[in-house]
Trainee: 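Take this structure first; my questions come after.
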2 protein chains.
Amino acid sequence: MSLIFKALSDPTRRRVLEMLRQRPMSAGDLAAAFQVSKPTMSAHFAVLREAGLIASEKQAQSVIYHLQMSVLEEAMLGFAQAFGWQLHTVSKPDSSPD
Amino acid sequence: MSLIFKALSDPTRRRVLEMLRQRPMSAGDLAAAFQVSKPTMSAHFAVLREAGLIASEKQAQSVIYHLQMSVLEEAMLGFAQAFGWQLHTVSKPDSSPD
DNA sequence: ACTCTATTTCGATATTTAGCTAAATACAAA
DNA sequence: TTTGTATTTAGCTAAATATCGAAATAGAGT
């Protein structure tokens, strides 16, 4: 729980999660969306990975990250419960029409 | 949002919030529930206060802290929304019968 | 075997954090 | 006004974090 909240305490990392909610993305594509250096972004990815919030697969030269929605959801669920709230899924974001 | 998640990233501070969900408590009573020194607890209170999660009134010698439930709730609500969840209040804890 | 691209690791520095003890403050009470 | 109780501030250390540029690694393509 601490690792997850720590990961969420940085706005860059929260935005990464929101971006990954739309679709999986490569480290480079994600990094391009922010002002900081790639090594810094790589460190942010590591924090998110260690919290279990994202996972990656290698694809050719690229590393593709994707959100581990269930981990985020269970953490929020547990926390919400402790404060007398209930959490439920409303919708997934639109996927691009094909 | 960052201040709130930062505040929540420490287990001591999360437990303080849970205790204050039951009832307002003095700094000393709260501190007595943990192993760490009172100055350390005071620093934790400061972090929670700066995040807006708790507030205090002076009462004689004591400082009574209470949870700012609405701040916590709005933060969670906003975050939940960004991930397609909905949050709603289920119950308040039992107050002592009189 | 090179070379290019993508990403991470390394090494450095600066800042923040959590913890402590000792000292200061605030207020009550004697 | 001195004493006692509650809490915070000050000053410190050790550990963790965020950031960078440079170097290392991994794969693909030539």
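Scope of the values below: all heavy atoms of this structure, side chains included, with no hydrogens, waters or symmetry mates. We name chains A, B, ... by the order of the sequence lines, and we start the count at 1 in each one.
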Trainee: Do nucleotides 20-30 of chain C as a string where each nucleotide becomes B, S or -: B if the base has a protein heavy atom under 4.0 Å, S if just the sugar-phosphate does, - if no protein is that close.
Mentor: BBB---SSS--
Trainee: Hunt down any stem DNA chain C takes part in, defined as 3 or more consecutive Watson-Crick or G-U pairs whose two distances are each under 3.5 Å.
Mentor: C:1-30 with D:1-30
Trainee: C:dT16 P sits how many Å from B:E50 CD, rounded?
Mentor: 13 Å
Trainee: Is the closest side-chain donor-acceptor distance between A:R14 and A:S9 under 3.5 Å?
Mentor: no
Trainee: Give a yes or no answer on whether the side chain of B:S42 reaches the backbone of B:P39 with a donor-acceptor pair at less than 3.5 Å.
Mentor: no
Trainee: To the closest 0.5 Å, what do you measure between NZ (A:K6) and CZ (B:F5)?
Mentor: 14.0 Å
Trainee: For the atom pair CE (B:M41) and CG (B:L48), what is the distance rounded to the nearest 0.5 Å?
Mentor: 8.5 Å
Trainee: State, yes or no, whether a side-chain contact exists between B:Q86 and A:L87 at a heavy-atom distance under 4.5 Å.
Mentor: no
Trainee: Quick one: CH2 on B:W85 to CE on A:M76, what's the gap to the nearest 0.5 Å?
Mentor: 6.5 Å
Trainee: Is there a chain of hydrophobic side chains (I, L, V, M, F, W, Y, each step under 4.5 Å between heavy atoms) that links A:M25 to A:F45?
Mentor: yes
Trainee: Let me check something: any side-chain donor-acceptor pairs from residues 29-38 of chain A under 3.5 Å, sequence neighbours excluded? List them with distances.
Mentor:
unit_1 : atom_1 : unit_2 : atom_2 : d
A:D29  : OD2    : A:S26  : OG     : 3.4
A:S37  : OG     : A:T40  : N      : 3.2
A:S37  : OG     : A:T40  : OG1    : 3.0

Trainee: Tell me which residues in residues 24-31 of chain A lie within less than 4.0 Å of DNA chain C, going by non-hydrogen atoms.
Mentor: A:S26, A:A27, A:G28
Trainee: Which donor-acceptor pairs under 3.5 Å do side chains of residues 65-75 of chain B form with protein atoms, sequence neighbours excluded?
Mentor:
unit_1 : atom_1 : unit_2 : atom_2 : d
B:Y65  : OH     : B:R49  : NH2    : 3.4
B:H66  : NE2    : B:E57  : OE2    : 3.3
B:E73  : OE2    : B:T89  : OG1    : 3.1

Trainee: Using modelled atom types and a 3.5 Å cut-off, is there a donor and acceptor pairing between side-chain atoms of B:R13 and backbone atoms of B:L8?
Mentor: no
Trainee: B:H44 side chain N/O closer than 4.0 Å to the phosphate oxygens (OP1, OP2) of C:dT17?
Mentor: no
Trainee: Would B:I4 end up clustered with A:F83 when hydrophobic side chains under 4.5 Å apart are linked, directly or stepwise?
Mentor: yes
Trainee: In Å and rounded to the nearest 0.5 Å, what is the CD to CD distance from B:Q61 to B:Q59?
Mentor: 10.0 Å
Trainee: B:F34 near the nucleic acid: base, sugar-phosphate alone, or nothing, with a heavy-atom cut-off under 4.0 Å?
Mentor: nothing
Trainee: Using a cut-off of strictly less than 4.0 Å between a heavy atom of the residue and any atom of DNA chain D, enumerate the qualifying residues of residues 1-15 of chain B by number.
Mentor: none
Trainee: Does a nitrogen or oxygen in the side chain of B:Y65 sit under 4.0 Å from OP1 or OP2 of D:dT8?
Mentor: yes
Trainee: Measure the distance from CZ on A:R49 to P on C:dT8 and round it to the nearest whole Å.
Mentor: 7 Å
Trainee: May I ask whether B:I64 and B:L17 are part of the same hydrophobic cluster, defined by side-chain heavy atoms of I, L, V, M, F, W, Y residues being less than 4.5 angstrom apart, directly or through others?
Mentor: no
